[in-house]
Colleague: 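Dropping the structure in here first, questions after.
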Amino acid sequence: MTHAHPHSHSGSSAHSHSRSHGADSQAEILDLDAEVLAEHTAALISWLPLRTPPREIVDLGCGTGAGTFALLDRFPEAHVTAVDSSAEHLQRLREKACARGVEGRVRTVQADLDRTDWPDLGTPDLVWASASLHHMLHPDRALREVHDLLAPGGLFAVVELAGFPRFLPEDAPEDRPGLEERCHTASDRFHAEHVPHRGADWGPMLTGAGFVLDGERTITVNVEASRDETIGAYALGGLRRIRHGVADVLPPEDLAALDRLLDTDGPHSILRRDDLGVRTERTAWAARREG
């Protein structure tokens with residue numbers, strides 16, 4: 001699965017808007033996402049209604065490995081097949097696996113899952129898809145593919161984002177209060193046109209593909225305001241990525257205020273703030289292939 005869209009949940013810590021959408025910068029924000037939200041990802045994995053610990057796992061749209069490594073940590077006997085369309089993301093994942101000493105438990109597969117000829121992904125006990133299905137042109141077809149490859153009784157875990165995280169207080173910045181929310185409103189309109197499945201209720205689609213729903217859970221993320229450098233970099237990348245989709249529709253005053261926040265050398269840089277937090281939601285569906 002690819003995360004190459006400018007509307008991906010990933011962003012950038014690059015120093016220019018044009019470069020901020022390259023593979024390297026996208027990988028950086030995926031890594032930051034994994035670090036900041038590691039506790040919440042682990043909580044969702046712990047919640048999964050598994051009948052037995054899985055031994056073979058597939059991570060669809062794995063990115064740089066947030067889910068892959070959380071699954072490996074949770075299930076020490078498991079092997080993970082990590083699937084993504086980005087060769088750069090898979091290379092980064094392999095390097096991480098080697099650094100962690102788990103390269104023998106990870107197989108990477110480069111594939112475009114919108115194609116009808118899926119590669120051989122084995123017969124997994126668990127398939128994990130976090131923030132990846134909404135990028136597909138034909139997610140209903142992908143759901144049926146997953147149903148058919150799962151082992152009987154196997155579980156499909158789908159995790160969906162409630163849009164981009166919020167980072168700033170509601171009354172920030174001082175010169176344009178509420179700027180971030182206005183950016184999100186404009187971004188939501190962009191995504192409604194270009195990524196219609198983002199934020200979807202996957203329950204009906206899963207049952208339509210032949211699964212039996214075995215649970216649904218929403219986790220609220222509310223990381224308290226701080227001057228944490230990781231959160232600062234995550235906020236910078238996230239807002240840079242939002243800018244790409246809303247630059248043509250924001251009022252000039254809002255765009256100028258946003259650019260002041262994104263100017264890492266300027267006095268109003270988001271990296272100079274000590275009130276950044278992370279607020280978002282993630283919903284998980286657990287769907288079983290009966291048999």
Side-chain angles (χ1 to χ4, degrees), residues 1-5 8 23 27 30 45 48 50-98 100-160 197 202 205-212 214 284-291:
M1 184 56 238
T2 183
H3 292 86
H5 306 287
S8 165
L30 287 174
I45 292 173
L48 294 176
L50 294 157
R51 293 172 177 171
T52 58
R55 302 299 292 266
E56 296 295 332
I57 302 172
V58 170
D59 182 3
L60 289 181
C62 59
T64 59
T68 294
F69 295 112
L71 290 160
L72 289 172
D73 288 345
R74 175 66 178 173
F75 306 112
E77 302 300 317
H79 289 74
V80 175
T81 297
V83 187
D84 204 279
S85 68
S86 168
E88 292 85 357
H89 289 171
L90 292 175
Q91 177 61 31
R92 194 155 178 146
L93 190 153
R94 286 191 293 270
E95 291 169 359
K96 288 186 191 178
C98 289
R100 292 166 175 249
V102 294
E103 64 271 23
R105 298 173 57 204
V106 177
R107 176 172 74 106
T108 58
V109 176
Q110 185 177 359
D112 178 354
L113 297 179
D114 269 320
R115 294 175 59 94
T116 56
D117 54 338
W118 277 30
D120 181 4
L121 300 178
T123 308
D125 314 298
L126 171 64
V127 175
W128 171 269
S130 178
S132 56
L133 290 181
H134 65 237
H135 292 288
M136 295 182 181
L137 296 175
H138 306 288
D140 51 341
R141 188 169 66 201
L143 296 181
R144 292 193 297 270
E145 291 277 1
V146 173
H147 180 273
D148 291 345
L149 69 89
L150 264 173
L155 201 68
F156 184 22
V158 176
V159 182
E160 184 59 83
H197 296 290
W202 291 99
M205 284 184 273
L206 287 162
T207 55
F211 290 97
V212 175
D214 207 359
W285 292 264
R288 193 175 304 280
R289 175 182 176 175
E290 292 294 359

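What you see below is based on every heavy atom in this structure, not just the backbone, and it leaves out hydrogens, waters and symmetry mates.
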Colleague: Taking only residues two or more places apart in sequence or in another chain, which ones pass side-chain hydrogen bond (donor to acceptor under 3.5 Å, both in side chains) with Arg288?
Modeller: Asp214
Colleague: On a heavy-atom basis, which atom in Val83 and which in Leu121 lie closest, and how many Å separate them?
Modeller: CG2-CD2, 3.8 Å
Colleague: How close do Gly63 and Leu30 get, counting heavy atoms only, and between which atoms?
Modeller: CA-CD1, 4.1 Å
Colleague: For Glu95, what residues pass the side-chain hydrogen bond (donor to acceptor under 3.5 Å, both in side chains) criterion, not counting sequence neighbours?
Modeller: Gln91
Colleague: Measure the spacing between SG of Cys62 and CG of Leu71 and express it to the nearest 0.5 Å.
Modeller: 11.0 Å
Colleague: Nearest heavy-atom pair of Leu90 and Ala82: which atoms, and what distance?
Modeller: CD2-O, 3.9 Å
Colleague: Once side-chain contact (heavy atoms from CB on, under 4.5 Å) is applied, do any residues pair with Ala97, and if so which ones, sequence neighbours excluded?
Modeller: Phe69, Val102, Glu103, Val106
Colleague: Is the shortest side-chain heavy-atom distance between Leu48 and Leu126 below 4.5 Å?
Modeller: yes
Colleague: So, using salt bridge (charged side-chain N to carboxylate O under 4.0 Å, His left out) as the criterion, who are the partners of Asp125 when residues are at least two apart?
Modeller: none
Colleague: Should Val80 and Phe75 count as side-chain neighbours, where that means a heavy-atom distance under 4.5 Å?
Modeller: no
Colleague: Over all heavy atoms of both residues, which pair between Asp120 and Arg107 is shortest? Give the atoms and the distance, please.
Modeller: O-NH2, 3.3 Å
Colleague: List in chain and number order the residues that pass salt bridge (charged side-chain N to carboxylate O under 4.0 Å, His left out) with Asp117, two or more places apart in sequence or in another chain; answer none if no residue qualifies.
Modeller: Arg115
Colleague: What I'd like to find out is whether the side chain of His134 reaches to under 4.5 Å of the side chain of Glu160, using heavy atoms alone.
Modeller: yes
Colleague: Would you check if the side chain of Arg105 reaches a backbone N or O of Ala78 as a donor-acceptor pair within less than 3.5 Å?
Modeller: yes
Colleague: Roughly how far, to the nearest 0.5 Å, is CG of Leu113 from CG of Asp84?
Modeller: 8.5 Å
Colleague: Could you name each residue pair satisfying side-chain hydrogen bond (donor to acceptor under 3.5 Å, both in side chains) that touches residues 66-77, not counting sequence neighbours?
Modeller: Asp59-Thr68
Colleague: Nearest 0.5 Å, please: how far is OG in Ser85 from CG in Asp112?
Modeller: 6.0 Å
Colleague: Would you sort out whether Val127 and Leu149 count as a side-chain contact (heavy atoms from CB on, under 4.5 Å), showing the intermediate values?
Modeller: CA-CA 9 Å; Val127 175; Leu149 69 89; 4.0 Å; yes
Colleague: Less than 4.5 Å apart, side chain to side chain, heavy atoms only: is that true for Thr81 and Pro124?
Modeller: no
Colleague: Just how far is it from atom CG of Asp148 to atom CZ of Arg289, taken to the nearest 0.5 Å?
Modeller: 6.0 Å
Colleague: Identify each donor-acceptor pair in which a side-chain atom of residues 139-147 lies under 3.5 Å from a protein atom, sequence neighbours left out, and give them as a table.
Modeller:
residue, atom, partner, partner atom, Å
Arg141, NH2, Asp114, O, 2.4
His147, NE2, Gly210, O, 3.4

Colleague: Shortest non-hydrogen contact from Arg51 to Gly153?
Modeller: NH1-CA, 4.1 Å
Colleague: Using the side-chain contact (heavy atoms from CB on, under 4.5 Å) criterion, which residues pair with Ala129? Sequence neighbours excluded.
Modeller: Leu60, Ser132, Leu133, Phe156
